[in-house]
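Working notes for the structure below.
Note: hydrogens, waters and symmetry copies are ignored here, and every other heavy atom, side chains too, is used. All figures in this text were calculated on a predicted structure; none of them were measured in a lab. Letters A, B, ... mirror the listed sequences (proteins, then strands); counts begin at 1.
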Amino acid sequence: MIVLVGILVVVAGFATRRNPLLVVGAAGVLTGLLGGMSPLKVLDAFGTGFASSRSVTVFAVTLPVIGLLERHGLQEQARTLMNKLARASAGRVLAVYLVLRQLTAAFGLTGLGGPAPAVRPMVVPMAEAAAERRHGTLTDKARERLRSFAASADNVGLFFGEDCFLAVGSILLITGFVNATYHAALEPVQLALWAIPTAVCATLIHGARLLRLDHTLARDLPATGPGQAATADQPTTADRIEETSK
Amino acid sequence: MIKVEWLYWLVGAVFLAMAAQMAVDRGNPRRYGSAAFWGLLGASFVYGTWVADKSAPAAPLGVAVLAMICLAGFGFTGRGTPTAAAPEQRSVSAARLGNRLFIPALALPLVALACGTLLKGVHLGGGGPLLLQTGSETLLGLGIGTLVALGLAMLLTRERNPAVALRSGRGLLEAMGWALLLPQLLAVLGSIFQSAGVGTQVGKITTHFLPDGSKYAAVAVYCLGMALFTIIMGNAFAAFPVMTAAIGWPILITQLHGNPGVVLAVGMLAGFCGTLVTPMAANFNLVPAALLELKDQYGPIKAQLPTAGALLVCNIAIMSLFAF
């Protein structure tokens, strides 16, 4: 039972917002020692574990390509494409973004999108403009709801899209862990294919909820006719959000 | 035949080259710490080859891992001066290249997929040795896909100097920072939990409550457990090794002969349902609320709650239907 202390360390560490690397390192050392390993054995365990889980970090090899393409305007082009595709209501803008986010993530392009580079500068202004065109000036409550749903479209799209890609961290974590621990021979392809049914469910469920948002907004707002289009507020910084671990 | 260790050496070489660039980047206030962190990581990828085939001791690699944890955990790493092109330059380039920019980006995963499916089991010159090392076809595909995509991207953008690509990639690496290493460390933690018997303990506790031999109950417990542990720990990657060692592998796969692909993939996705509803996953739920200037910092969680619940039910259904 005493080995379960390691879980408590992880929980307490994450809860008090310590640096996750330190939390995980401390939990590993403590669990090893409590589990009756000698300090040298603990180091051995860290070393072997690291060597057999190298596949999880392999996707870093793709960064130069993505970096080069971004340098030449990949994000700007994605923005142009998005502007062409999305028309009409707020719900539809968000639903289109959900589907695009899922598809690009399923092709491994998890860096296209995200709250800082896409949702705040592009998706929210477009959705708000669409909503104001339709319902007039937005109340604070309606604006909150719309923005919350914009954030949710990004998360749901990312989470349930990326696992259809083979080289994403979570898929490689699964194969790395299982193949090292149980001497299995599991391939990323076998896992990625089985992520598709859930991805389809996610599109249908969350997409439907996003489309229903238009009705909710209409109910919340007095029908005052078309108002002024919202001014797009540009972010001062477009910091990347850490997206490596879920 | 092409071996997976070659890919690890390539990754190690990329990290080492970027570390060398960092060491001479005067714009980074913590350039030596950063260079040490990424350099150690690169060296570990290469040294790992001999640890994996057990021809070198693992303890030195363990020391290196703890050193990396300390370097990043105590704030010795930093970011260099951004090397990204100016926004106007990027817009001009985007207007010139248009949708062709997506070609290399899409070539990468498509080549990876092709290697994982079509080239799997293909022999060199008819009856020769296998072209790609068995069990690593997809990973090798990722490496080959990257090289193909890099070639296409350099051709498309008329960029002759690979160092430019390396430098752009380093910008992304520095932006991600130590978070890049977290999944791998969680995998290490999982294997330590496993050898110390944590999973077995959790398994004992849960099987105590589990009706004998009922696969639907076991599926539900695994999925709910993944979601619950993820809500507590804020991270499905941390929950996965524990729940899989407790129920997923011993009961669903070994005892009830579930298809490992379905069980493990859907199990992880059940964990993601937990990520959607926990403030512990701050970078997905609280940071966007702050970025979007919401008054209610739990706004995104509230918007995600019904979807997460419904998807958890879907996951339980999908696993029950397709795994057995």
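Between chain B and the options A/Gly25, A/Gly47, A/Gly36, A/Ala45, the largest number of non-hydrogen pairs under 4.5 Å is found for A/Gly47. In terms of heavy-atom pairs under 4.5 angstrom with chain A, the leader among B/Asn285, B/Val11, B/Val262 is B/Val262. Among B/Ala317, B/Gly299, B/Ala165, the residue with the largest count of heavy-atom pairs under 4.5 Å with chain A is B/Ala165. Contact count versus chain B (heavy atoms, under 4.5 Å) is highest, among A/Ala60, A/Ala208, A/Ser55, for A/Ser55. In terms of heavy-atom pairs under 4.5 Å with chain B, the best-connected choice from A/Asn155, A/Val23, A/Val24 is A/Asn155. Of all the listed residues (B/Ser44, B/Gly197, B/Ala238, B/Pro60), the one sharing the greatest number of non-hydrogen pairs under 4.5 Å with chain A is B/Ser44. Among A/Ala184, A/Gly13, A/Ala202, the residue with the largest count of heavy-atom pairs under 4.5 Å with chain B is A/Ala202. Considering only heavy-atom pairs separated by less than 4.5 Å from chain A, the leading option among B/Ala303, B/Ala265, B/Gly62, B/Cys314 is B/Ala303. Ranked by heavy-atom pairs shorter than 4.5 Å toward chain B, the options A/Met37, A/His206, A/Arg145 are led by A/His206. For the options B/Val242, B/Asn99, B/Leu7, B/Val266, heavy-atom pairs under 4.5 Å to chain A are most numerous at B/Asn99. Among the candidates A/Ala150, A/Ala12, A/Ala51, A/Gly49, the residue making the largest number of heavy-atom pairs closer than 4.5 Å to chain B is A/Ala51. Looking only at heavy-atom pairs under 4.5 Å with chain A, the residue among B/Gly261, B/Ala153, B/Pro104 that has the most is B/Gly261.
Note that CZ of A/Phe160 and CG of B/Asn315 are 6.5 Å apart. Values are rounded to the nearest 0.5 Å. How far CG of A/Leu63 is from CG of B/Leu166: 10.0 Å, rounded to the nearest 0.5 Å. B/Leu97 contributes atom CG, which lies 10.5 Å from atom CG of A/Leu74 (distance to the nearest 0.5 angstrom). In this structure, A/Ile205 CD1 and B/Leu311 CG are separated by 4.5 Å, a value rounded to the nearest 0.5 Å. Atom-to-atom distance recorded for B/Leu269:CG and A/Thr198:OG1 is 4.5 Å, nearest 0.5 angstrom. Taking NE2 from A/His72 and CD from B/Gln89, the interatomic distance works out to 9.0 Å, rounded to the nearest 0.5 Å.
Contacts between A/Val29 and chain B at a heavy-atom distance below 4.5 Å involve the side chain alone, from C-beta outward. Interface residue B/Val65: only side-chain heavy atoms are found under 4.5 Å from chain A. Both the backbone and the side chain of B/Pro306 come within less than 4.5 Å of a heavy atom of chain A. Within the 4.5 angstrom heavy-atom criterion, only side-chain atoms of B/Met18, from C-beta onward, approach chain A. Contact of B/Thr254 with chain A is not made at all, since no heavy-atom distance falls under 4.5 Å. In this structure, chain A has heavy atoms under 4.5 Å from both the backbone and the side chain of B/Leu292. In this structure, chain A has no heavy atom under 4.5 Å from any part of B/Ala281. Contacts between B/Leu147 and chain A at a heavy-atom distance below 4.5 Å are absent for every atom of the residue. Both the backbone and the side chain of A/Ile7 come within contact range of chain B, judged by heavy atoms closer than 4.5 Å. Heavy atoms of B/Val198 lying under 4.5 Å from chain A belong to its backbone as well as its side chain. Heavy atoms of B/Ile205 lying under 4.5 Å from chain A belong exclusively to its side chain. Residue B/Phe45 touches chain A through both its backbone and its side chain, counting heavy-atom pairs closer than 4.5 Å. When heavy atoms are compared at a cutoff of 4.5 Å, A/Arg209 approaches chain B solely by way of its side chain, counted from C-beta outward. Heavy-atom distances place both the backbone and the side chain of B/Ala245 under 4.5 Å from chain A. Neither the backbone nor the side chain of A/Val5 comes within contact range of chain B, judged by heavy atoms closer than 4.5 Å. Of the two parts of B/Ala289, neither the backbone nor the side chain holds a non-hydrogen atom closer than 4.5 Å to a non-hydrogen atom of chain A. Neither the backbone nor the side chain of B/Tyr47 has a heavy atom closer than 4.5 Å to any heavy atom of chain A. Heavy-atom distances place both the backbone and the side chain of B/Gln184 under 4.5 Å from chain A. Only the side chain of A/Thr181 comes within less than 4.5 Å of a heavy atom in chain B; its backbone stays farther off.
Counting heavy atoms from C-beta on, the side chains of A/Arg147 and B/Glu293 come closer than 4.5 Å. For the pair A/Val10 and B/Leu189, the minimum side-chain heavy-atom distance is below 4.5 Å. Within the 4.5 Å cutoff, the side chain of A/Arg143 has no heavy atoms near those of the B/Leu294 side chain. A/Asn19 has its side chain within reach of B/Trp178: a pair of non-hydrogen atoms, C-beta onward, lies under 4.5 Å apart. For the pair B/Met268 and A/Ile171, the minimum side-chain heavy-atom distance is 4.5 Å or more. Residues A/Thr48 and B/Leu61 fail the side-chain proximity criterion, which asks for heavy atoms closer than 4.5 Å.
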For this session: List the steps, then state whether side chain to side chain contact (heavy atoms under 4.5 Å, CB included) holds for B/Phe237 with A/Ile174.
Result: CA-CA 9 Å; B/Phe237 287 10; A/Ile174 297 173; over 6 Å; no

Problem set entry | Chi angles and distances behind the side chain to side chain contact (heavy atoms under 4.5 Å, CB included) call for A/Leu22, B/Phe74 | CA-CA 8 Å; A/Leu22 288 177; B/Phe74 294 113; 3.9 Å; yes

For this session: Show your reasoning for whether side chain to side chain donor-acceptor pair (under 3.5 Å) applies to A/Ser152 and B/Gln304.
Result: CA-CA 6 Å; A/Ser152 74; B/Gln304 283 156 192; 4.9 Å; no

Exercise. Stepwise, does the side chain to side chain contact (heavy atoms under 4.5 Å, CB included) test hold for B/Phe15 with A/Thr57?
Worked result: CA-CA 11 Å; B/Phe15 282 139; A/Thr57 312; 4.1 Å; yes

For this session: Could you give me the CA-CA distance, side-chain angles and deciding distance for B/Ile318 and A/Cys201, then say whether side chain to side chain contact (heavy atoms under 4.5 Å, CB included) is met?
Result: CA-CA 10 Å; B/Ile318 290 168; A/Cys201 293; 4.2 Å; yes

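Summarising the geometry of A/Glu70 relative to B/Arg90, their closest heavy-atom pair is O-CD, 3.1 Å, with the distance given to 0.1 Å. Shown here for B/Val188 and A/Phe50, the closest heavy-atom pair between the two residues is CG2-N, 3.5 Å. Summarising the geometry of B/Lys295 relative to A/Asp140, their closest heavy-atom pair is NZ-OD2, 3.6 Å, with the distance given to 0.1 Å.
Note: A/Phe177 and B/Phe240 have perpendicular aromatic rings, judged against thresholds of 30 and 60 degrees for the angle between ring planes. The aromatic rings of B/Phe322 and A/Trp194 sit tilted, their planes meeting at an angle between 30° and 60°.
The local environment of CZ in A/Arg212 is sparse, with at most 12 non-hydrogen atoms from other residues, nucleotides or ligands closer than 6.0 Å.
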